Amino acid sequence: MRAETQNIVADIEKSLELLAQRLDWETAEFRLEEFNARVEDPNLWDDADAAQALMRDRQMLVDAIDTYKSIKQDLSDNMELIELGEMEEDAEVISDAEAALKALKEKASEKELEALLDGEADSNDTFLEINAGAGGTESCDWASMLARMYVRWAEKKGYKVELQSESAGEEAGIKSAAYKISGHNAYGWLKSESGVHRLVRISPYDSAAKRHTSFSSVWVYPVVDDNIEIDVNLSDIRIDTYRSSGAGGQHVNTTDSAVRITHEPTGIVVTSSEKSQHQNRDIAMKALKSRLYQLELDRRNADINAAHEAKGDAGWGNQIRSYVLQPYQMVKDLRTSHETSDTKGVLDGDLDGFMAATLALNVAGKSRSEAQGD
């Protein structure tokens, strides 16, 4: 077997080890038997919500077991084909099996990443907020570039993207925007994007063509399942209505229907600017509950990058990632040191490599400062 093929096999075996670890392979079959026994209970559907949750958990376990078995079997089959081809000196059989192993490596890597998304809310839909920071018009333009980047990423994943609210910049771009992104593991993927993003480029708004540094912050939190009870004291919130200041088109409101809710104890502010004020209240309350739930998740996971450490103010010293377009091309994550010179690809939504690196860092249990020290 060629050295390159041996390396591919080693990578697949490494992915299988991680999958087995995350699945707790030794107990997986027993847990599936328990699920199957509960599914056969004639009283299961007396509580429809609990039954649906059970069926969903069972299906996730079935899919994980099938994936592990499938990759392991495909690896074994193709290694046997290579051995057979070498014995019979059949170059075509060897070539086909090696190509199949390369494809299997990609599949195993993808499933390995998905296995990292096993947090309490990782499978949930997510809210994503973008706010322009220090830099005026430059940062407003940068915020709109980030919005486009995340929308492109979500579309590539097949996720549904809904604009919740938007505030236009005075000259260009946006001051802020909030999206709801719906799809399996949407929050799990995007949660690593919370923080300050820094752009270095020659400004299109500067006649002297000087380099400018701009900042915008991104904040990600999960859409809370309706079954999760979060008590919000009405005396703790302030509800304001206002006219949307969007850039135009279908998102413009002609009445004061947009809603802003402020949670006084935490200072959390959420907005929604759809056409119906009643709908906006509902959307904003759900967003508020999600933010409060995120705070609780942060408290539970204080050992891994507290939210304020990751986010900070949208300015110098708090960035998690730098996007340099001049004098050279480079996007670098400051937590993991993952980098690429394909700036165009990143700004077009090619973010999986950065997300995967941060997921792996969190699984290793390192804080941002520890990772930077390494």
Side-chain angles (χ1 to χ4, degrees), residues 52-53 56-57 59-60 63-64 67 106-107 109-131 143-166 174 176-195 197 216-228 246 249-251 270-274 279 282-284 286-287 289-291 293-294 297 310 320-321 331 333 338 340 342 344-360 362:
Q52 289 175 354
R56 182 173 61 249
D57 291 343
Q59 190 59 50
M60 289 176 63
D63 292 343
T67 294
E106 296 300 318
K107 177 183 177 181
S109 297
E110 179 182 344
K111 296 303 179 182
E112 178 183 340
L113 290 178
E114 289 180 2
L116 299 177
L117 302 176
D118 62 354
E120 183 175 357
D122 281 353
S123 63
N124 290 26
D125 300 338
T126 190
F127 291 111
L128 180 143
E129 294 181 3
I130 300 169
N131 293 280
S144 68
M145 292 169 65
L146 283 173
R148 175 184 176 276
M149 180 180 76
Y150 287 116
V151 169
R152 288 288 183 92
W153 173 85
E155 289 173 347
K156 290 178 181 179
K157 286 284 187 183
Y159 291 160
K160 179 182 178 182
V161 180
E162 301 171 82
L163 180 65
Q164 302 288 294
S165 64
E166 183 180 274
I174 56 174
S176 64
Y179 295 89
K180 179 182 178 183
I181 299 177
S182 304
H184 183 58
N185 285 335
Y187 172 68
W189 280 113
L190 279 167
K191 66 182 181 182
S192 63
E193 295 300 295
S194 286
H197 296 245
S216 289
S217 65
V218 174
W219 188 236
V220 178
Y221 48 98
V223 175
V224 178
D225 189 284
D226 291 337
N227 294 325
I228 298 176
Q250 61 180 327
H251 302 295
V270 292
T271 61
S272 181
S273 53
E274 296 294 328
Q279 180 184 22
D282 182 57
I283 291 173
K286 286 182 178 179
K289 289 182 177 181
S290 294
R291 289 287 295 272
Y293 180 60
Q294 178 66 50
L297 287 181
I320 62 167
R321 189 175 302 148
V331 180
D333 195 288
H338 182 79
T340 178
D342 183 17
K344 184 179 185 300
V346 171
L347 294 175
D348 277 337
D350 186 8
L351 296 168
D352 284 357
F354 289 96
M355 294 177 179
T358 309
L359 282 171
N362 288 346

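Here the structure is a predicted model, which is why all the values come from computation and not from measurement.
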All side chain to side chain contact (heavy atoms under 4.5 Å, CB included) counterparts of [X], not counting sequence neighbours:
| X | value |
| --- | --- |
| Val346 | Met149, Tyr323, Val331, Thr340, Leu351, Phe354 |
| Asp125 | Lys180, Ser182, Val223 |
| Ala64 | Leu23 |
| Gln52 | Trp45, Asp49 |

Does Lys156 have more than 12 heavy atoms from other residues, nucleotides or ligands lying within 6.0 Å of its NZ? yes

Please identify each residue that fulfils side-chain hydrogen bond (donor to acceptor under 3.5 Å, both in side chains) with [X], with sequence neighbours left out.
| X | value |
| --- | --- |
| Asp350 | none |
| Asp352 | Trp153, Lys157 |
| Thr126 | none |

Kindly give the heavy-atom pair with the smallest separation between Leu163 and Ala177, and that separation in Å. CD1-CB, 4.5 Å

Set of salt bridge (Lys or Arg N to Asp or Glu O under 4.0 Å) partners for Asp282, sequence neighbours left out: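 For Asp282, the residues satisfying salt bridge (Lys or Arg N to Asp or Glu O under 4.0 Å) (neighbours in sequence not counted) are Lys286.
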
With a 3.5 Å cut-off and no angle check, do the side chains of Tyr221 and Glu129 form a donor-acceptor pair? yes

So, does Ser290 use its side chain to make a donor-acceptor pair with the main chain of Pro222 at under 3.5 Å? yes

Calculate, to the nearest 0.5 Å, the distance between atoms [atom1] and [atom2] belonging to [X] and [Y] respectively.
| X | Y | atom1 | atom2 | value |
| --- | --- | --- | --- | --- |
| Thr358 | Ile320 | OG1 | CD1 | 7.0 Å |
| Tyr159 | Asn185 | OH | CG | 5.5 Å |
| Thr271 | Gln164 | OG1 | CD | 8.5 Å |

